[in-house]
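Here the structure is laid out as structure tokens; the discussion comes afterwards.
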Amino acid sequence: MRLIYVLFILFCPSIFTLANGADAIIVVANTQDKSIQLNRQQVRNLFMGGALPYDLRAVALPPENQTRVLFNTKVVGLTESRIQSYWAQMRFTGRKKAPKEIESEQLVLEYLKNNQGAIGYLPAGITLPKELTVVYQIH
């Protein structure tokens, strides 16, 4: 029984990071207006192709990324398969385009820094350059 417990701890660290509050996420934008604050529904709409009163272009992490899984769970409220199905339908009908996918948190940070109007989500503990503004926090 002890061996099973040790194996569980070694191979399931994500369960423990969720339990200790390490799952906070920030939504960050490169925008001239540093006063922009979004609510959960606005962030969801933005990442699901909905309209917003701001000219922001969303970028996302790849489906297997833990930060994306947390974002989808806490903000979008859909599983990855449901989100993929939604975007397949939108592509097929030509109505909307999924957010650009960027390989890692560090590359998202660089992309946001270098692209005015870009918005993305990152782990809350990441250090942000002065060009970026936190527009929403997920705890």
Side-chain angles (χ1 to χ4, degrees):
M1 186 66 175
R2 179 175 276 177
L3 176 62
I4 292 172
Y5 182 72
V6 170
L7 290 173
F8 180 77
I9 290 173
L10 290 174
F11 294 106
C12 298
S14 61
I15 291 172
F16 295 100
T17 58
L18 292 177
N20 72 16
D23 59 343
I25 297 173
I26 52 176
V27 178
V28 180
N30 182 339
T31 177
Q32 295 284 2
D33 184 355
K34 301 295 184 188
S35 67
I36 293 176
Q37 289 296 299
L38 302 176
N39 63 37
R40 180 182 172 270
Q41 190 60 45
Q42 289 172 317
V43 172
R44 184 185 192 283
N45 285 347
L46 184 64
F47 282 86
M48 294 303 289
L52 270 188
Y54 307 107
D55 185 25
L56 298 170
R57 293 171 315 283
V59 296
L61 290 161
E64 64 279 356
N65 183 287
Q66 184 62 29
T67 303
R68 177 171 170 152
V69 171
L70 290 169
F71 178 81
N72 288 345
T73 302
K74 292 183 169 210
V75 176
V76 179
L78 297 172
T79 63
E80 184 62 39
S81 62
R82 297 273 316 268
I83 291 169
Q84 293 297 328
S85 176
Y86 169 79
W87 285 118
Q89 203 173 25
M90 292 300 110
R91 273 191 311 276
F92 180 74
T93 60
R95 289 188 279 180
K96 298 176 187 173
K97 206 169 144 185
K100 174 183 180 80
E101 278 186 21
I102 298 178
E103 193 63 31
S104 70
E105 284 89 348
Q106 197 57 44
L107 291 174
V108 167
L109 191 61
E110 283 300 312
Y111 183 87
L112 294 175
K113 182 179 162 190
N114 295 318
N115 291 276
Q116 181 74 31
I119 186 169
Y121 49 86
L122 295 163
I126 200 161
T127 304
L128 297 177
K130 64 179 173 36
E131 297 90 349
L132 303 181
T133 304
V134 175
V135 296
Y136 183 70
Q137 293 186 12
I138 306 151
H139 300 284

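- No side-chain heavy atom of R57 sits under 4.5 Å from any side-chain heavy atom of K100.
- Heavy-atom neighbours of K97 NZ from other residues, nucleotides or ligands within 6.0 Å: at or below the threshold of 12.
- Here the side chain of S85 pairs no donor or acceptor atom with the backbone of S81 at under 3.5 angstrom.
- Distance alone, capped at 3.5 Å, places no donor-acceptor pair between the K113 side chain and the L132 backbone.
- Counting only distance, with no hydrogens or angles, the side chain of N30 and the backbone of L112 share a donor-acceptor pair below 3.5 Å.
- I126 is listed as a side-chain neighbour of I26, based on a closest heavy-atom distance under 4.5 Å.
- Put simply, OG1 on T133 and CG on L128 are 9.0 Å apart, with the number rounded to the nearest 0.5 Å.
- Residue I25 holds its CD1 atom at 12.0 Å from CZ of R68, rounded to the nearest 0.5 Å.
- Enclosure of atom CZ in R40 by more than 12 non-hydrogen atoms of other residues, nucleotides or ligands within 6.0 angstrom is indicated.
- A ring-ring contact (aromatic ring centres under 6.0 Å, His included) check over residues 72-120, counting only residues at least two apart or in different chains, returns nothing.
- Taken from NZ in K96 to CE in M48, the straight-line distance is 8.0 Å, to the nearest 0.5 Å.
- The shortest distance between side-chain heavy atoms of L61 and F71 does not fall below 4.5 Å.
- With a 6.0 Å radius and a threshold of 12 heavy atoms from other residues, nucleotides or ligands, Q89 has its CD atom at or below the threshold.
- Checked options V28, V59, N65; the residue passing with V108 is V59 (criterion: side-chain contact (heavy atoms from CB on, under 4.5 Å)).
- Checked by atom type and distance alone, the side chain of Y136 never pairs as donor or acceptor with a backbone atom of Y121 at under 3.5 Å.
- The only option from V134, I138, L56 that meets the side-chain contact (heavy atoms from CB on, under 4.5 Å) definition with V27 turns out to be I138.
- Between Q116 and Q32 the shortest side-chain heavy-atom distance falls below 4.5 Å.
- Under the 4.5 Å side-chain criterion, counting only non-hydrogen atoms from C-beta, E80 is not in contact with V69.
- I119 CD1 to F47 CZ: the interatomic distance, rounded to the nearest 0.5 Å, is 5.0 Å.
- Residues Q66 and P123 form no side-chain contact, since every pair of their non-hydrogen atoms from C-beta on lies 4.5 Å or further apart.
- The shortest side-chain heavy-atom distance between L46 and Q42 does not fall under the 4.5 Å cut-off.
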